[in-house]
> 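One structure follows; several queries about it will come next.
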Amino acid sequence: MKKSKFYYDYTRNKQIDKDVVEAEKVIQELKDLASNPIPNYYVGSTYGYEARKVCEDWELSYNIGTAVTYLLRSSFKHDTPYDCIQKAINHLNFELDKLNNKEQ
């Protein structure tokens, strides 16, 4: 069927509309991130302590502080805490290696 030159296909822009909505969501997420640059999984829910500030206050070394941070966020960032706990164990092993090298 031949269409008139005045015919407008209303469905032709549906994908563009979806892309615009998705882009607006991304822009809003970036604005939210700019206004609060600290992800929720690094802030305690009861007292609002930030993991990095806890590590800084206790003057932890890099490896121990990183391990503590991984442990604090382990139940909140991913579906299972396994990855974060494994990373914490790795950083504790790095710290043990560092201590063992100092003793030799």
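These numbers were taken from a predicted model, which means no experiment stands behind them.
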> I'd like to know if V54 and L71 are part of one continuous hydrophobic network [Ile/Leu/Val/Met/Phe/Trp/Tyr, side-chain heavy atoms within less than 4.5 Å].
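L71 and V54: separate clusters.
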
> Say you draw a straight line from CD of E22 to CD1 of I27; how long is it, rounded to the nearest 0.5 Å?
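Interatomic distance, E22 CD to I27 CD1, rounded to 0.5 Å: 11.0 Å.
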
> Run the side-chain donor-acceptor check on residues 93-103: report pairs under 3.5 Å with partners two or more places apart or on a different chain.
from, atom 1, to, atom 2, distance (Å)
N93, ND2, I89, O, 3.3
E95, OE1, S61, OG, 3.2
E95, OE1, N63, ND2, 3.4
E95, OE2, S61, OG, 3.4
N100, ND2, L96, O, 3.2
N101, ND2, D97, O, 3.3

> If two hydrophobic side chains count as joined below 4.5 Å and joins carry through other members, does W58 share a cluster with Y62?
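Different clusters.
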
> If you round to the nearest 0.5 Å, how far is SG of C84 from NZ of K77?
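Output value for this atom pair is 6.5 Å.
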
> Can you name the residues that form a side chain to side chain donor-acceptor pair (under 3.5 Å) with Q86, not counting sequence neighbours?
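For Q86 the side chain to side chain donor-acceptor pair (under 3.5 Å) partners, ignoring immediate neighbours, are N90.
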
> How long is the span from the OH atom in Y70 to the CG atom in L92, to the nearest 0.5 Å?
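Here the rounded value is 12.0 Å.
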
> Are C55 and T69 side-chain neighbours, meaning at least one heavy-atom pair lies under 4.5 Å?
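A side-chain contact under 4.5 Å exists here.
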
> Is there a chain of hydrophobic side chains (I, L, V, M, F, W, Y, each step under 4.5 Å between heavy atoms) that links I85 to F76?
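Per the 4.5 Å side-chain linkage, I85 and F76 are not co-clustered.
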
> Taking side chain to side chain donor-acceptor pair (under 3.5 Å) as the definition, give me every residue that meets it alongside S75, ordered by chain and number, with sequence neighbours left out.
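Listed in chain order: nothing, the list is empty.
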
